[in-house]
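Right, one structure below, let's go through it.
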Amino acid sequence: MIVIDYTDDDYARALGKEVAIAEVDKELRRLWEEDKASTNASLINLAVYSEEKGAIIRNSELVQAITREHACRALLIGIDRSNPTASIRAWITAHCHLSHGRKSVCCEQLAFQLTGRSTGRLRNTVFSHLNSDLPLVFWWQGELSPIFSERLYSLIDRFVFDSSDWADPMSSFRCIEKVMEDEKDLLPMDVEWTRSFQIRLAVAGLFDDPMAANALERTTRIRIVVHPGHKMAGLQLLAWIIESTGWMRSMEFGLDDVHGADTYYFETNEGTDVTATVEVNAAGAPISLVELSSSDCLVSVSREVDAPYLHQQLEVGAHRIDRCMPANSDDAAELVMNQLSRGGKNTLYRSMMPTFLELLGGEGDCPCLMSIR
């Protein structure tokens, strides 16, 4: 990773006018008073959090793209926890979009850069600038840290994270599991799960075919191929299939490593043994193949690298389907926008989680939560 030392001019160009922390609300009012031609629009609070140096500048570009589709009050939060000196800086700006050559609808952006211990200041200073009438969507980027505590997640309505970023997914998912137990109304949104959305639609669409549906319980093999950076998506897809079918882990319960693939064993509701593998292919798409097969049926959804479409195949004897449908974007920001557009309660993710954690294996600790309790 290339570390860039950003100057004050870089921050000003990306984040707008720097203001004293006590003057944020006053300066926001002045911003709108100076531009009476624009309409301030906001349907949600969107907080984007990162502990990576300089991420707050890059996230301003992401927020600018997101506000084209979703009117919001955006809060960018950057924290350097390694710096022992406590400090906080703030900037304000507005992202405006043109209509008939004039600024029409604008979304305000507040950016906060903190150093040192910041758990209390994050809640008491930064979150005091939320629009209290609107839900909070919190996009956490990178590894979970001790900042992710009950005092933080109790404020959140929708929690966005990307498990493909995690070095120790088991421990982090245990934290997410604990949070879901504590906060029944919190909506978890794993970008890795969203990444498989179109794949899941494609697989389910093929099983709408009566001949495929009739052959489902005779499935003997499941094969999922993912990029090494997206193994969580592969395991979540397998968990989704098992949760959807009601199949059980077989007596051959266990995890083997066969030819570089993680192998799992299941039993269908009619007693057919199923061998499932999650393989990795560094040259492939994030999710390049999901295939369910039996002696007389093949259901397959595949995608080439950077292809904008998925290839669906069904073969049951002489009955064949061969067609394409759109694929998900590989860009995390577009995936977040897609999820915000769909909304929903994300109940499928919650129901899939126990099976997914079982497939992921291990007990795992939850250090980020244990450290503050």
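- Listed for the S351 side chain is a donor-acceptor partner under 3.5 Å among the backbone atoms of L348.
- The shortest side-chain heavy-atom distance between R350 and P188 falls under the 4.5 Å cut-off.
- Within the 3.5 Å criterion, the main-chain N or O of T272 finds a donor-acceptor partner in the side chain of T268.
- The aromatic ring centroids of F159 and Y153 lie 6.0 Å or more from each other.
- Counted by atom type alone, R323 and Q312 present one or more donor-acceptor pairs between their side chains at under 3.5 Å.
- A distance-only check finds no donor-acceptor pair linking the side chain of R29 to the backbone of V24 [under 3.5 Å].
- You'll find the side chain of Q198 reaches within 4.5 Å of the side chain of L310, heavy atoms only.
- M248 CE: 12 or fewer foreign heavy atoms inside a 6.0 Å radius.
- Judged by distance alone, with hydrogens and angles left aside, the side-chain atoms of H70 form a donor-acceptor pair with the main-chain N or O of M337 at under 3.5 Å.
- Using modelled atom types, one side-chain atom of T7 and one backbone atom of D10 make a donor-acceptor pair closer than 3.5 Å.
- Transitive grouping of hydrophobic side chains (ILVMFWY, heavy atoms separated by less than 4.5 Å) keeps Y309 and I287 in distinct clusters.
- Side-chain heavy atoms closer than 4.5 Å link hydrophobic residues (I, L, V, M, F, W, Y) into clusters, and following such links, possibly through other members, connects Y349 to L357.
- For the residue pair E69/S341, the side-chain donor-acceptor check at 3.5 Å is not satisfied.
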Item to complete: With side chain to side chain donor-acceptor pair (under 3.5 Å) as the test, would you mind laying out the steps for N328 and E334 before giving the verdict?
Response: CA-CA 9 Å; N328 279 121; E334 289 191 30; over 6 Å; no
Discussion item. Run the ring pair (Phe, Tyr, Trp, His ring centres under 6.0 Å) test on W166 and F173 for me, step by step, so that the C-alpha distance in whole Å, both residues' side-chain angles and the decisive distance to 0.1 Å come before the verdict.
Written reply: CA-CA 10 Å; W166 293 343; F173 271 114; 5.1 Å; yes
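- Among residues two or more places apart in sequence or in another chain, the salt bridge (Lys or Arg N to Asp or Glu O under 4.0 Å) test is passed with D80 by none.
- Closest heavy-atom contact between L206 and S300: CD1-O, 3.7 Å.
- Between E52 and Q141 there is no side-chain heavy-atom pair separated by less than 4.5 Å.
- A 4.5 Å side-chain heavy-atom check between Y49 and L75 finds every atom pair outside the cut-off.
- The shortest non-hydrogen separation linking C175 to L144 is CB-CD1, 4.0 Å.
- For the residue pair T277 / E279, a side-chain donor-acceptor distance below 3.5 Å is found, with atom types taken as modelled.
- Between the side chains of S294 and D296, at least one donor N or O lies within less than 3.5 Å of an accepting N or O.
- Taking OG of S163 as the start and CH2 of W193 as the end, the distance is 11.0 Å to the nearest 0.5 Å.
- Between F161 and W139, the distance separating the two ring centers is not shorter than 6.0 angstrom.
- Follow the hydrophobic side-chain contacts under 4.5 Å out from I224 and you never reach L289; the two are in separate clusters.
- The shortest distance between side-chain heavy atoms of L15 and T93 does not fall below 4.5 Å.
- Judged purely by atom type and a 3.5 angstrom limit, R151 has no side-chain atom pairing as donor or acceptor with the backbone of I147.
- Residues L31 and A94 approach most closely at CD2-CB, 4.2 Å, considering heavy atoms.
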Practice prompt. With salt bridge (charged side-chain N to carboxylate O under 4.0 Å, His left out) as the test, would you mind laying out the steps for R174 and E177 before giving the verdict?
Written response: CA-CA 5 Å; R174 287 298 184 198; E177 181 187 38; 2.9 Å; yes
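- As summarised for C96 and C107, their two SG atoms remain at a distance no smaller than 2.5 angstrom, missing the threshold.
- Residues D190 and Q236 have side chains that bring a donor and an acceptor to within less than 3.5 angstrom of each other.
- Under the 4.0 Å criterion applied to side-chain N and carboxylate O atoms, K178 and D182 are assigned as salt-bridge partners.
- In this structure, the side chain of R303 engages the main chain of A307 through a donor-acceptor pair within 3.5 Å.
- Judged purely by atom type and a 3.5 angstrom limit, N83 has no side-chain atom pairing as donor or acceptor with the backbone of G116.
- Counting only heavy atoms from C-beta outward, the side chains of L114 and I77 approach each other to under 4.5 Å.
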Practice prompt. Show the numbers, then the answer: is there a side-chain contact (heavy atoms from CB on, under 4.5 Å) between V274 and Y264?
Written response: CA-CA 8 Å; V274 182; Y264 308 84; over 6 Å; no
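- Side-chain contact of E267 with Y265: a donor-acceptor pair under 3.5 Å is absent, judged by distance alone.
- The two residues L136 and L155 have their closest heavy-atom pair at CD2-O, 3.7 Å.
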Practice prompt. Walk me through it: do L298 and V316 pass the test side-chain contact (heavy atoms from CB on, under 4.5 Å)?
Written response: CA-CA 7 Å; L298 173 69; V316 188; over 6 Å; no
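- Between R249 atom CZ and T355 atom OG1 the span is 9.0 Å, to the nearest 0.5 Å.
- Salt bridge status for D330 with R195: absent, with no side-chain N to carboxylate O gap under 4.0 Å.
- Cluster membership for L134 and F138, using ILVMFWY side-chain heavy atoms within less than 4.5 angstrom, is not shared.
- Contact annotation: the side chain of F197 never approaches that of I199 to less than 4.5 Å [non-hydrogen atoms, C-beta and beyond].
- Other residues, nucleotides and ligands contribute only 12 or fewer heavy atoms inside 6.0 Å of the CG atom of D185.
- Note on R89 versus E18: salt bridge recorded, some NZ/NE/NH1/NH2 to OD/OE distance being below 4.0 Å.
- At least one donor-acceptor pair closer than 3.5 Å links the side chain of T245 to the backbone N or O of I242.
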Item to complete: Decide yes or no on salt bridge (charged side-chain N to carboxylate O under 4.0 Å, His left out) for E61 and R58, but give the supporting numbers first.
Response: CA-CA 5 Å; E61 298 177 2; R58 298 189 293 275; over 6 Å; no
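- Neither V48 nor L187 shares a network with the other; the hydrophobic side chains, linked directly or stepwise wherever heavy atoms of I, L, V, M, F, W or Y lie under 4.5 Å apart, form separate groups for each.
- No side-chain donor-acceptor contact under 3.5 Å links S171 to the backbone of D168.
- Under the 3.5 Å distance criterion, with hydrogens and angles disregarded, no donor-acceptor pair is assigned to the side chains of S329 and D331.
- Shortest non-hydrogen contact noted between C72 and L46 is SG-CB, 4.1 Å.
- Between F112 and W91, a ring centre-to-centre spacing not shorter than 6.0 Å is recorded.
- Counting heavy atoms from C-beta on, the side chains of R158 and Q339 come closer than 4.5 Å.
- Shown here for I56 and A111, the closest heavy-atom pair between the two residues is CD1-CB, 3.9 Å.
- A side-chain N or O of W247 and one of E217 form a donor-acceptor pair less than 3.5 Å apart.
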Worksheet item: How far apart are the C-alpha atoms of T115 and S87, what are their side-chain angles, what is the distance that settles it, and do they pass the side chain to side chain donor-acceptor pair (under 3.5 Å) test?
Response: CA-CA 5 Å; T115 61; S87 69; 2.5 Å; yes
Item to complete: Kindly indicate, with the supporting measurements, whether the criterion side-chain contact (heavy atoms from CB on, under 4.5 Å) is fulfilled by R320 and Q313.
Response: CA-CA 7 Å; R320 298 195 174 201; Q313 284 184 293; over 6 Å; no
Practice prompt. Assess whether side-chain contact (heavy atoms from CB on, under 4.5 Å) is satisfied between V280 and V225, documenting all intermediate values.
Written response: CA-CA 5 Å; V280 294; V225 182; over 6 Å; no
